[in-house]
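See below for the structure under consideration.
Naming: A, B, ... by sequence-line order, numbering from 1 per chain.
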Protein chains: 2
Amino acid sequence: MTRVDVNGVTEPADVCSTAMTAPETRNERKERTRRALLDAALRQASERGFAGLSLREIAKQAGVVPTAFYRHFESMDELGVTLVEESMRTLRTMIRGARNAPGGSADLIRASVRTLSEHVRSHEEHYWFLVRERYGGTGAVRQTIGVELKLLAGELAVDLARFDGLRDWSTDDLRMLADLIVSAMLATVLDLLEARPGSEAEITAEAERKLRLIFLGVPHWRSS
Amino acid sequence: MTRVDVNGVTEPADVCSTAMTAPETRNERKERTRRALLDAALRQASERGFAGLSLREIAKQAGVVPTAFYRHFESMDELGVTLVEESMRTLRTMIRGARNAPGGSADLIRASVRTLSEHVRSHEEHYWFLVRERYGGTGAVRQTIGVELKLLAGELAVDLARFDGLRDWSTDDLRMLADLIVSAMLATVLDLLEARPGSEAEITAEAERKLRLIFLGVPHWRSS
DNA sequence: AGATTGAGTGTACAGTCGTTCACTGAAAAT
DNA sequence: ATTTTCAGTGAACGACTGTACACTCAATCT
């Protein structure tokens with residue numbers, strides 16, 4: 001029974017002993033350790049921050065010798081970029097989910113916030129990474145997130161343009177509104193991440209109230 | 001001429017050669033190197049983040065041997081807390097400045113944003129530190145900032161309670177409004193810090209519009 | 001069947017890190 | 001005038017960092 005179990009990373013108990021598993025081609029194996037490296041990095045970064053990553057610990061947690069890291073990533077920065085892209089994909093998935101929410105515009109806000117909350121809960125590490133590195137990060141990683149976030153605000157602005165009270169808003173005003181919403185929701189995400197398990201409901205409730213307040217101002221806006 | 005000049009930290013050219021300077025008591029000297037340590041740490045943290053701090057580099061930049069650090073701080077964490085307190089004092093000074101702005105409630109928003117902008121410009125390192133560690137930080141530092149920020153939102157809520165349309169708002173609603181404002185302004189701070197020198201004006205302009213939009217909703221709010 | 005590829009291994013090296021310890025020497029206290 | 005205090009010194013430690021290099025050996029290609 002030589003089950004290798006490195007630092008809480010449970011190596012799937014397969015490999016040869018049972019005949020029914022793992023025809024596993026070479027590329028599949030490679031992809032698997034690549035994922036293991038990414039997962040280890042993500043977990044570690046969501047705790048200590050990207051700056052506090054250690055190539056050696058990532059490798060150890062992935063069940064691989066340190067030098068093997070370079071078979072998958074040229075440098076730590078490349079891994080960072082990959083992590084940003086991945087987390088951003090997660091975020092975008094969330095937005096799409098909120099967009100296709102059950103039609104009724106009455107409690108569209110409630111539905112959106114609910115979607116956000118659930119998504120954060122089920123992708124905590126990705127959101128930790130995003131929120132952390134958006135502000136705390138260094139160089140390339142932070143800037144990439146910043147750019148992607150502005151891009152995302154742009155998409156949101158387009159979505160908003162379809163709503164009744166917003167049809168005649170200028171592009172610039174829409175973008176401002178989207179930015180405002182994004183920053184408010186980002187703060188909500190952090191609150192959700194830091195919250196002790198019970199208090200989830202009141203956080204989402206407050207998030208809803210913030211959005212409602214913002215949209216209350218919309219009908220009275222005149223672009224000066 | 002044995003002028004010691006360590007890594008860009010210019011040692012004031014005093015000490016004995018000119019008779020008119022430096023009676024400098026022992027405590028004064030101590031306080032001076034303490035400040036040098038704090039300044040070095042602050043500068044370094046505003047670039048690489050608090051997690052990326054190195055005791056040795058801080059000491060070097062302060063013109064002192066590494067071990068001397070322990071004469072002033074028991075640990076890195078203690079230095080971190082000191083930095084938080086200091087930066088928070090700066091922030092509070094700003095708030096007070098905005099509160100006592102020239103009375104006219106008409107362009108009170110404009111005045112406040114202007115105060116914010118100027119304050120950020122003249123205390124970049126403190127604001128970098130706060131924004132960075134608020135989200136990116138680890139453990140004690142991040143939590144301390146979070147708590148202080150909530151406290152500050154509380155103060156802001158009290159201030160808001162004095163305004164016309166807000167006199168009958170519940171404490172909870174006021175706090176929500178204050179939170180919303182704080183998160184929006186925090187995003188503005190980051191924008192200001194990252195902005196290339198020219199684009200300062202448009203950022204403050206957008207910040208003003210965001211605040212105006214928020215306050216447009218205020219008269220139509222009814223606490224559900 | 002034999003040659004090739006390449007993911008993962010193991011060792012080794014040069015740095016940096018925080019921290020310890022015994023010390024120096026001038027300012028402060030006696 | 002003598003003793004005490006203590007900010008700053010300098011060497012040494014053990015642990016950890018990223019990275020270079022030569023290696024193995026099973027999956028893949030010819």
Side-chain angles (χ1 to χ4, degrees), chain A residues 2 4 6-7 9 11-12 14-17 21-41 44-45 47-80 138-139, chain B residues 2 4 6-7 9 11-12 14-17 21-38 40-41 44-45 47-80 138-140:
Chain A
T2 55
V4 184
V6 186
N7 268 12
V9 172
E11 190 81 17
D14 55 353
V15 192
C16 312
S17 53
T21 56
E24 229 184 6
T25 170
R26 191 134 91 156
N27 288 352
E28 283 170 346
R29 287 192 78 87
K30 174 159 185 179
E31 180 54 30
R32 224 174 35 132
T33 74
R34 190 185 135 96
R35 262 258 60 86
L37 285 169
L38 282 170
D39 287 344
Q44 216 168 121
E47 290 168 5
R48 278 176 276 159
F50 183 75
L53 282 188
S54 148
L55 184 150
R56 290 180 109 102
E57 280 204 39
I58 292 174
K60 193 193 291 179
Q61 218 165 82
V64 158
V65 98
T67 48
F69 178 92
Y70 295 106
R71 298 284 177 202
H72 303 270
F73 304 98
E74 204 188 33
S75 67
M76 210 70 138
D77 276 333
E78 191 187 313
L79 182 144
T138 312
Chain B
T2 55
V4 184
V6 186
N7 269 11
V9 172
E11 189 82 18
D14 55 351
V15 192
C16 311
S17 55
T21 56
E24 227 184 3
T25 170
R26 191 132 93 152
N27 290 353
E28 284 171 343
R29 288 191 79 87
K30 175 161 184 179
E31 181 54 29
R32 224 174 35 133
T33 75
R34 191 185 135 96
R35 261 257 63 85
L37 285 170
L38 282 171
Q44 215 166 122
E47 289 169 5
R48 276 176 275 160
F50 183 75
L53 281 188
S54 148
L55 185 150
R56 291 180 109 102
E57 280 204 37
I58 292 173
K60 193 193 293 183
Q61 218 163 84
V64 158
V65 99
T67 49
F69 179 91
Y70 295 105
R71 300 285 176 201
H72 303 270
F73 304 98
E74 205 188 31
S75 66
M76 209 71 139
D77 276 333
E78 192 186 313
L79 181 142
T138 312

Practice task
Begin from the C-alpha positions of A:Lys60 and A:Ser54 and carry the test side chain to side chain contact (heavy atoms under 4.5 Å, CB included) through to its verdict.
Solution key: CA-CA 10 Å; A:Lys60 193 193 291 179; A:Ser54 148; over 6 Å; no

Practice task
Dump the intermediate steps for side chain to side chain contact (heavy atoms under 4.5 Å, CB included) on A:Met76 and A:Phe69, then the final yes or no.
Solution key: CA-CA 9 Å; A:Met76 210 70 138; A:Phe69 178 92; 4.1 Å; yes

Practice task
Report the C-alpha distance between B:Glu31 and B:Glu28 in whole Å, list the side-chain angles of each, state the deciding distance to 0.1 Å, and finish with yes or no for side chain to side chain contact (heavy atoms under 4.5 Å, CB included).
Solution key: CA-CA 5 Å; B:Glu31 181 54 29; B:Glu28 284 171 343; 5.7 Å; no

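When rounded to the nearest whole Å, the span between OH of A:Tyr70 and C1' of D:dC21 equals 13 Å. Atoms NZ (B:Lys60) and C1' (D:dT9) sit 16 Å apart, rounded to a whole Å. Rounded to an integer number of Å, the gap from NE2 of B:His72 to C1' of D:dT9 is 13 Å. In this structure, B:Leu37 atom CG and D:dG8 atom P are separated by 8 Å, rounded to whole Å.
Within the nucleic acid shown, B:Val64 comes within 4.0 Å of sugar-phosphate atoms alone, with no base atom in reach, counting heavy atoms only.
In this structure, the nucleotide among D:dT9, D:dG18, D:dG8 sitting nearest to the side chain of B:Thr67 is D:dT9. The side chain of A:Pro66 sits closest to D:dT19 out of D:dG18, D:dA7, D:dT19. Residue B:Lys30 has its side chain nearest to D:dA7 when only D:dA7, C:dG8, D:dG10 are considered. Distances were taken from every side-chain heavy atom of A:Val65 (C-beta onward) to each of C:dG10, D:dG8, D:dG18; the shortest belongs to C:dG10. Taking the side chain of A:Arg56 as heavy atoms from C-beta on, and the options D:dA7, C:dT19, C:dA12, the nearest nucleotide is C:dA12.
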Can you check nucleotides 24-27 of chain C for protein contacts, nitrogen or oxygen pairs under 3.5 Å, and list what you find?
none

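Heavy-atom minimum distance, A:Ala41 versus A:Leu79: CB-CD2, 3.7 Å. Scanning both residues, B:Arg71 and B:Lys30, for their nearest heavy atoms gives O-NZ, 3.5 Å.
Using a 4.5 Å heavy-atom threshold, the side chains of A:Arg35 and A:Leu38 count as touching. Side chains of B:Arg34 and B:Phe73 form a contact here, defined as non-hydrogen atoms less than 4.5 Å apart.
For the pair B:Arg71 and B:Met76, both in contact range of DNA chain C, the more 5′-proximal nearest nucleotide belongs to B:Met76.
At the phosphate of D:dG18, OP1 or OP2 sits under 4.0 Å from a side-chain N or O atom of A:Ser54.
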